[in-house]
**Q** 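Questions regarding the structure given below will be posed in turn.
A quick note: this is a predicted structure, and the numbers were derived from the prediction, not measured.
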Amino acid sequence: MLRPFVAYLRVYEPLLALGDPPDERLREAVAAAKLRRAAIGEREQHMWLKSQVAAPSRLLPAELSDGRPSPSLLNDVLVLGPEELPSGHPVEGPFVCPLELRARSAAALVTFLGDAHPALKNAVLDAGGVSADRARSRTKAAMADLTTMAAHTLTTTWTVPLPWFVLVDPDERRLVLGSGPNDPTRELSWRVSMSDALDRAGEASELIEAAFGESGPARVLSQTRQWLESFNPNSVVELDYGGLVQLFADSILDSDTTAEEVHDILDALRTGNVEELAELFSELREFWGDLAAREHSN
């Protein structure tokens, strides 16, 4: 079974940042560390499908029939141990990234209710058997699940926003090809300390805004930086291709230099090398264009 074609930007906080002391159920979940990164997309898909086939159906995944969060609120966590931290990280683990599926789904629903065409919005609400006011009330309650001002995970489908690569050190790449595209251990990811991610984002923001203005990539990077600032300064940031690794042959995934090219773009901005900028952008468009075409065909 294919994993959803979802990529992730995650923040893992020190356990004590999630409560002092943390909830005992959270401590037990962290000690067990049962959830694997490669299975996250399937877990989220399963929880959503479960919410829709329940009788009555749930407005949001990972919640009970009365609207309270399910036990997965504290059980669904990703954990980094000391051996998985970026090199030179000053603080030992465990570091924890809560899945927060109910709250993240609530945030997505709030955006939908605010942006969707009235006919589409009403059709969705009618199918769920809830009014707009009731949906807003339930989503507000779900957002209270969060232990910080923001969820610990950002996701995109079919692609990775290029500004995300600004945060990482290209040399810190973790690549596991496994036995092929469908191997559940297949992974391409980077992990960096929060301080390094914020420093890189700050410097890159100045370069990109000076060259291209405050829209486009500069806006994405600014929003990402604000999101990162919501968390403990000793946290770890992870960029994970997630299910996208299924879309690349071994040779292509192994030779992927997107992170290097994004950092080369920043170097070209520093030196004003317009020709190199054009060449690098052309190479990135070619590499990621195939995925854009697949998304369109799907």
Side-chain angles (χ1 to χ4, degrees), residues 7-18 37 78-98 146-156 159-175 188-242 256-273 276-277 280-281 284:
Y8 303 88
L9 188 63
R10 303 186 181 98
V11 171
Y12 296 79
E13 291 195 282
L15 178 57
L16 289 179
L18 302 177
R37 275 180 297 280
L78 287 171
V79 181
L80 293 181
E83 73 283 357
E84 298 178 294
L85 300 181
S87 57
H89 196 275
V91 181
E92 294 185 358
F95 287 79
V96 184
C97 178
L146 299 177
T147 57
T148 59
M149 295 175 59
H152 288 72
T153 304
L154 300 180
T155 62
T156 60
T159 190
V160 180
L162 294 182
W164 286 6
F165 290 96
V166 166
L167 309 174
V168 305
D169 179 350
D171 294 334
E172 291 285 331
R173 183 176 79 157
R174 172 181 170 79
L175 174 64
L188 179 55
S189 62
W190 294 259
R191 296 184 196 123
V192 297
S193 67
M194 177 64 77
S195 59
D196 287 344
L198 286 172
D199 287 346
R200 292 182 182 124
E203 181 187 7
S205 290
E206 295 180 4
L207 290 169
I208 295 172
E209 287 180 11
F212 305 112
E214 296 182 355
S215 61
R219 183 178 181 182
V220 173
L221 189 54
S222 175
Q223 292 172 339
T224 304
R225 184 183 179 189
Q226 292 174 12
W227 172 71
L228 291 174
E229 289 173 342
S230 302
F231 302 101
N232 186 285
N234 292 319
S235 299
V236 173
V237 181
E238 179 180 68
L239 172 55
D240 180 7
Y241 272 31
D256 174 24
T257 57
T258 301
E260 288 88 344
E261 290 176 34
V262 168
H263 282 264
D264 288 342
I265 286 174
L266 296 178
D267 289 338
L269 288 175
R270 293 185 186 99
T271 59
N273 191 332
E276 185 180 7
L277 269 176
L280 289 167
F281 276 120
L284 288 172

**Q** How long is the span from the CZ atom in R219 to the OG atom in S205, to the nearest 0.5 Å?
**A**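 R219 atom CZ to S205 atom OG measures 14.0 Å (nearest 0.5 Å).
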**Q** Please name the pair of heavy atoms, one in D256 and one in E260, separated by the smallest distance, quoted to 0.1 Å.
**A**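 It is O-OE1, 4.2 Å.
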**Q** Here's a test for you: under side-chain contact (heavy atoms from CB on, under 4.5 Å), which of V262, V220, L207 qualifies with V166?
**A**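 The side-chain contact (heavy atoms from CB on, under 4.5 Å) with V166 is passed solely by V262 among V262, V220, L207.
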**Q** For R173, look at atom CZ and say whether over 12 heavy atoms of other residues, nucleotides or ligands are found less than 6.0 Å away.
**A**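 More than 12 heavy atoms, drawn from other residues, nucleotides or ligands, come within 6.0 Å of this atom.
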**Q** Grab the two heavy atoms, one from T224 and one from W164, that are nearest each other, plus how far apart they are.
**A**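 The pair with the smallest heavy-atom distance is OG1-NE1, 3.7 Å.
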**Q** If only atom types and distance count, is the side chain of S222 paired as donor or acceptor with the main-chain N or O of A218 below 3.5 Å?
**A**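 Looks like no, no N/O pair under 3.5 Å.
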**Q** For V236, is there any backbone N or O sitting under 3.5 Å from a side-chain donor or acceptor partner on R191?
**A**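 Here the side-chain-to-backbone pair does not exist.
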**Q** Determine whether the side chains of E172 and S87 contain a donor N or O and an acceptor N or O closer than 3.5 Å.
**A**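 Short answer, yes.
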**Q** Can you list everything that forms a ring pair (Phe, Tyr, Trp, His ring centres under 6.0 Å) with H263? Sequence neighbours excluded, please.
**A**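 If we apply the ring pair (Phe, Tyr, Trp, His ring centres under 6.0 Å) test to H263, skipping adjacent residues, there are no hits.
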**Q** Under the criterion side chain to side chain contact (heavy atoms under 4.5 Å, CB included), I'd like the reasoning laid out for V11 against W227: C-alpha separation, chi angles, the key distance, then a yes or no.
**A** CA-CA 10 Å; V11 171; W227 172 71; 3.6 Å; yes
**Q** Evaluate side chain to side chain contact (heavy atoms under 4.5 Å, CB included) for L9 paired with L167, printing each intermediate quantity in order.
**A** CA-CA 10 Å; L9 188 63; L167 309 174; 3.9 Å; yes
**Q** Between N234 and M194, is a side chain to side chain contact (heavy atoms under 4.5 Å, CB included) present by the stated rule, with each step listed?
**A** CA-CA 6 Å; N234 292 319; M194 177 64 77; over 6 Å; no
**Q** Supply the atom-to-atom distance L277 CG to D264 CG, rounded to the nearest 0.5 angstrom.
**A**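 Result: 10.0 Å between the selected atoms.
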**Q** Working to the nearest 0.5 angstrom, can you tell me the gap between I208 CD1 and E214 CD?
**A**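 I208 CD1 to E214 CD: 12.5 Å, rounded to 0.5 Å.
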**Q** For T257 and E261: C-alpha separation, side-chain torsions, deciding distance, then whether side chain to side chain donor-acceptor pair (under 3.5 Å) applies.
**A** CA-CA 6 Å; T257 57; E261 290 176 34; 2.6 Å; yes
**Q** Please work out which of the three classes, parallel, tilted or perpendicular, describes the rings of F165 and W190, given edges at 30° and 60°.
**A**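 Because their plane-to-plane angle is over 60°, the rings of W190 and F165 count as perpendicular.
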**Q** Parallel, tilted or perpendicular, judged at 30° and 60°: which one describes the rings of F212 and F281?
**A**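 Judged by the thresholds at 30° and 60°, the geometry between F212 and F281 is perpendicular.
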**Q** Which one of R174, R10, R37 satisfies the salt bridge (Lys or Arg N to Asp or Glu O under 4.0 Å) criterion with D240?
**A**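 Only one of R174, R10, R37 forms a salt bridge (Lys or Arg N to Asp or Glu O under 4.0 Å) with D240, namely R10.
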**Q** What's the spacing between L188 CG and T258 OG1 if we round to 0.5 Å?
**A**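 So the CG of L188 and the OG1 of T258 are separated by 8.5 Å.
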**Q** Heavy atoms, side chains only, cut-off 4.5 Å: are D196 and D169 in contact?
**A**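 Contact flag for D196/D169 side chains = no.
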**Q** At their closest point, which heavy atom of S235 faces which heavy atom of P14, and how far apart are they?
**A**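 Heavy-atom minimum between the residues: OG-CD, 3.9 Å.
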**Q** If you compare all heavy atoms of Y8 against all heavy atoms of T155, which two are closest, and at what distance to 0.1 Å?
**A**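 Here Y8 and T155 meet closest at CD2-CG2, 3.5 Å.
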**Q** Does atom CD (Q223) have a neighbourhood of more than 12 heavy atoms from anything else shown, all under 6.0 Å?
**A**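 For Q223, atom CD is crowded (more than 12 foreign heavy atoms under 6.0 Å).
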**Q** State, to 0.1 Å, how close P86 and V192 come at their nearest heavy-atom pair, and which atoms those are.
**A**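 Closest approach of P86 to V192, heavy atoms only: CG-C, 3.7 Å.
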**Q** Roughly how far apart are E209 CD and S215 OG, rounded to 0.5 Å?
**A**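 Answer rounded to 0.5 Å: 10.0 Å.
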**Q** Can you name the closest pair of heavy atoms from E13 and N232 and give their distance?
**A**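 Where E13 meets N232 most closely, the heavy atoms are OE2-N, 2.8 Å.
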**Q** NE2/H89 to CG/L80 distance, rounded to the nearest 0.5 angstrom?
**A**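 Those atoms lie 9.5 Å apart.
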